[in-house]
Amino acid sequence: MSDAEEGRLERLTGMLKRRGIILPAFEIHGGAKGLYDFGPVGGRLRNKVNQAWLNHWISMGNIVEISCPTITPYAVLEASGHVGEFSDFLTDCNSCQEASRADTLLEPHHPNPDSLTKDDLQQLLSNANPQCPACGANDWSPIVAQNLMFNTTIGAGKSGRPGFLRPETAQGMFTSFSALYRHNRERLPFGAVQVGKGYRNEISPRQGMIRLREFNMAELEYFIDPEVETDHDFSQWSSIQMNLLSDNDGEITMSISSAIEKGIIRHSTVGFFMAKTFDFLTNIGIDSSKLRFRQHESDEMAHYATDCWDVEILGSYGWVECVGIAHRGCYDLEAHENATGKTLRARREFAQPKVVEIDGWTTDGATVGPAFRALAGAVKNAVEQLPSTSQFPAQITLDNGESVTVNLEHVKRVQRTESISGEWYIPHVVEPAFGIDRIIWHLLDHAYHESTKGEEEYVTLRLNESVAPVDYCVFPLFEKDGMGQMARDIHKSLCSKSATVSIYDASGSIGRRYARADEIGVPICITVDHQSLQDNTVTLRDRDSGQQSRVPIAEL
RNA sequence: GCGGAUAUGGUGAAGUGGUAUCAUAGGAGGUUUCCAACCUUUUGCCGGGGGUUCGACUCCCCCUAUCCGCACCA
């Protein structure tokens with residue numbers, strides 16, 4: 001970063017703090033790393049970005065909003081792979097209190113302790129009871145999962161269950177898949193969105209808002225049938241050249257639809273959400289020339305993804321990943337199915353029912369059971385694999401390698417015709433995941449505009465009006481002759497409109513008040529002057545151009 | 001986690017072993033017919049904890065936070 005850019009960054013963060021947009025949290029107690037407050041101006045900014053995000057997706061018509069807890073039982077994140085991928089298992093030496101990684105301690109006792117579940121590690125630790133490398137004792141506390149997820153205990157005392165604060169909102173969408181599927185009348189594609197907090201106990205939070213320990217995230221899970229080629233309409237983006245950083249082809253500029261045709265974007269639904277994401281970001285004020293899509297290299301991909309594009313935005317900290325659009329395949333639903341034994345599937349009806357001729361053998365339970373006892377199940381499986389032409393008695397090799405003699409009395413001929421109308425499958429998921437704090441940072445960074453007025457430094461925050469925290473400022477030119485009262489009345493009537501925020505300000509010169517409004521990005525200032533008293537008009541002053549126009553109060 | 005720098009009103013800075021100065025911002029009043037003007041007045045600061053000392057914002061130790069490298073990063 002150059003000195004000039006560093007100076008700008010310092011002035012920007014100073015302004016954000018001074019004007020109550022973004023401030024270090026708990027500062028009177030010394031502060032806390034990676035935690036920030038959105039202040040009296042920033043709180044509303046955050047809310048408007050969240051709302052714009054929700055509206056953007058819900059308006060697609062087949063996307064619903066849900067809200068799941070941030071406190072998440074251990075089993076959920078174990079199933080999703082987060083416990084294995086995100087945690088180290090630690091145990092404390094009860095003698096010297098030194099913490100050690102359980103998998104490291106157990107390396108002499110297991111070929112690959114890193115691959116073990118927590119319960120298996122605990123078992124192995126209890127049995128092997130290795131020496132403490134620090135003090136030589138053999139007395140270990142119970143294993144706890146620790147590191148990138150915040151541990152907690154759900155419930156008190158012996159009934160407490162281990163859990164975590166969620167590291168992403170996505171899992172809630174997967175665990176409530178059945179309700180979503182039913183709500184959507186069992187038809188795909190559909191999506192679910194969630195906006196909320198996520199938590200990661202980062203080793204080293206840095207760069208202000210960029211890496212946080214508690215952060216605002218917004219995720220969309222879009223469930224699709226992998227066998228249906230969806231025909232997305234890309235016509236509205238056909239003339240927009242996107243900046244793409246492809247894994248194989250490097251830096252290229254082309255439309256989303258061409259990138260899909262050329263196979264650079266590997267899935268058209270991923271491409272569709274890239275285009276929709278481009279719209280969202282530019283609609284709220286991200287500079288499109290400072291936005292690019294970067295494809296993950298295969299070795300960089302998260303443990304669940306099969307194709308992934310990040311949206312990176314250029315700001316004071318360089319190119320920063322702000323959105324990830326991942327094709328997660330069936331990874332998550334399958335993982336939760338395997339862990340719970342519940343069905344998380346959708347049904348696909350065949351165009352023509354499949355007619356299946358079944359012609360073979362099965363076992364007669366009444367004779368096979370007593371004859372083969374524990375092996376009866378394996379015998380059944382083996383017999384059902386036999387061709388219809390088989391002769392009995394027959395010598396059969398079971399799955400476990402054992403050989404048995406099956407007589408005619410043990411088997412039954414099976415001959416029937418079945419009609420199968422469809423099948424169950426695990427939907428695939430395309431997930432656009434947004435880091436709201438990082439996006440807000442870049443909105444502010446891109447909007448922050450320094451100039452000089454005469455001798456003085458002048459700051460304008462050119463926020464898009466869809467996210468500007470304050471919609472209007474109302475100023476009486478002077479607070480006398482009834483101008484003050486008239487301005488107050490206008491202010492009150494603006495405040496009474498839903499989703500409208502107005503500030504009344506009568507202190508300081510009019511220029512000073514405009515400057516204060518410009519600094520927090522108020523798009524329109526309304527001024528009551530002497531003429532207002534005569535004809536009930538006021539001046540509207542545009543933030544970016546400084547242009548004024550006169551309109552009747554009734555038309556505000 | 002390692003190495004380096006830093007921490008003084010809301011913000012930006014100065015300074016001293018005897019409780020602190022300046023600019024700017026904020027409040028109140030005045031003045032001004034539209035872009036940080038002016039006058040009067042007022043509020044507000046030594047990151048936290050130990051130690052040395054008659055006395056510590058200042059010297060020493062520890063902690064916390066911030067910034068910059070390195071490492072980590074779904």
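- Between B:rU66, B:rG10, B:rC35, one nucleotide has an atom nearer to the side chain of A:Lys33 than all others, and that is B:rU66.
- Picking from B:rG27, B:rU32, B:rA74 the nucleotide with the shortest atom distance to the side chain of A:Arg516 gives B:rG27.
- Across B:rU21 and B:rG26, the matching P atoms stand 22 Å from one another, rounded to whole Å.
- Here, B:rC57 and B:rC38 have their P atoms 37 Å apart, quoted to the whole Å.
- Atom OH in A:Tyr458 sits roughly 13 Å away from atom P in B:rA25 (whole-Å rounding).
- The interatomic distance linking A:Leu12 (CG) with B:rG12 (P) rounds to 13 Å, in whole Å.
- Among the nucleotides B:rU32, B:rC35, B:rU11, the one closest to any side-chain atom of A:Ile510 is B:rC35.
- Distance A:Gln207 CD to B:rC72 C1': 13 Å, rounded to the nearest Å.
- Geometrically, A:Arg292 engages A:Trp319 in a cation-pi contact defined by less than 6.0 Å to the ring centre and at most 45° from the axis.
- Under 4.0 angstrom from either OP1 or OP2 of B:rU24 there lies no side-chain N or O belonging to A:Arg11.
- Pairs of Watson-Crick or G-U wobble type, with distances under 3.5 Å, assemble into runs of 3 or more in RNA chain B at these ranges: B:1-7 with B:64-70, B:10-13 with B:21-24, B:26-30 with B:38-42, B:47-51 with B:59-63.
- At the heavy-atom level, A:Gly208 lies under 4.0 Å from the strands shown only through sugar-phosphate atoms.
- Between A:Gly31 and A:Pro167, the residue anchored nearer the 5' end of RNA chain B, judged by the nucleotide with its closest heavy atom, is A:Gly31.
- Counting atom types as modelled, A:Arg513 pairs no side-chain N or O with a base atom of B:rC35 as donor and acceptor under 3.5 Å.
- Contact check on A:Asp437 versus A:Lys197 returns no salt bridge, with no Lys/Arg side-chain nitrogen under 4.0 Å from an Asp/Glu carboxylate oxygen.
- On the C1' atoms, B:rA23 is 15 Å away from B:rC45, given to the nearest whole Å.
- On the C1' atoms, B:rU64 is 7 Å away from B:rG48, given to the nearest whole Å.
- Taking side-chain N and O atoms only, A:Arg512 has a distance below 4.0 Å to OP1 or OP2 of B:rA37.
- For A:Leu16 and B:rU66, the CG to P distance is 16 Å, given to the nearest whole Å.
- If you measure from atom CD of A:Glu27 to atom P of B:rG47, you get 12 Å, rounded to the nearest angstrom.
- Rounded to a whole Å, the NZ atom of A:Lys480 is 14 Å from the C1' atom of B:rC34.
- Figure legend: A:Lys276 and A:Phe273 shown without cation-pi pairing, the cationic atom not lying both under 6.0 angstrom from the six-membered ring centre and within 45 degrees of its axis.
- Using a 4.0 Å heavy-atom cutoff across all strands shown, A:Ser507 reaches sugar-phosphate atoms only and no base atom.
- The side chain of A:Tyr317 sits closest to B:rC68 out of B:rC68, B:rA28, B:rC34.
- What separates NZ of A:Lys17 from P of B:rG12 is a distance of 7 Å, to the nearest Å.
- When each of A:Tyr36 and A:Arg438 is assigned the nucleotide of RNA chain B with its nearest heavy atom, A:Tyr36 is the one assigned upstream, toward the 5' end.
- Distance CD (A:Glu519) to P (B:rG12): 13 Å, rounded to an integer number of Å.
- Taking atom P in both B:rU66 and B:rC34, one finds a spacing of 46 Å when rounded to whole Å.
- With respect to the salt-bridge test (charged N to carboxylate O, under 4.0 angstrom), the residues A:Arg550 and A:Asp529 qualify.
- B:rU6 shows a glycosidic angle more than 90° from 0 and is accordingly assigned anti.
- Rounded to the nearest Å, the gap between the P atom of B:rA5 and that of B:rC61 is 13 Å.
- The cationic group of A:Arg200 does not satisfy the cation-pi geometry with A:Phe215, failing either the under 6.0 Å distance to the six-membered ring centre or the 45° limit from the ring axis.
- Taking the P atom of each, B:rC62 and B:rU58 are spaced 15 Å apart, rounded to whole Å.
- Checking A:His327 against A:Glu431 by side-chain atom types alone, no donor-acceptor pair falls below 3.5 Å.
- Close to B:rC35, at under 4.0 Å from its OP1 or OP2, lies no side-chain N or O of A:Ser509.
- Nucleotides B:rA13 and B:rC46 are separated by 14 Å at their C1' atoms, to the nearest Å.
- Taking the ring centroids of A:Tyr504 and A:Phe475, they lie at or beyond the 6.0 Å cut-off.
- Inspection of the A:Asn248 and A:Ser246 side chains reveals no N or O donor paired with an N or O acceptor under 3.5 Å.
- A salt bridge between A:Arg438 and A:Glu312 is absent, with no side-chain N of the basic residue lying under 4.0 Å from a carboxylate O of the acidic one.
- Using a 4.0 Å heavy-atom distance criterion, A:Phe475 is classed as making no nucleic acid contact.
- Using a 4.0 Å heavy-atom distance criterion, A:Lys453 is classed as a base contact.
- Take A:Arg19 and apply the salt bridge (charged side-chain N to carboxylate O under 4.0 Å, His left out) test, not counting sequence neighbours, and it matches A:Glu519.
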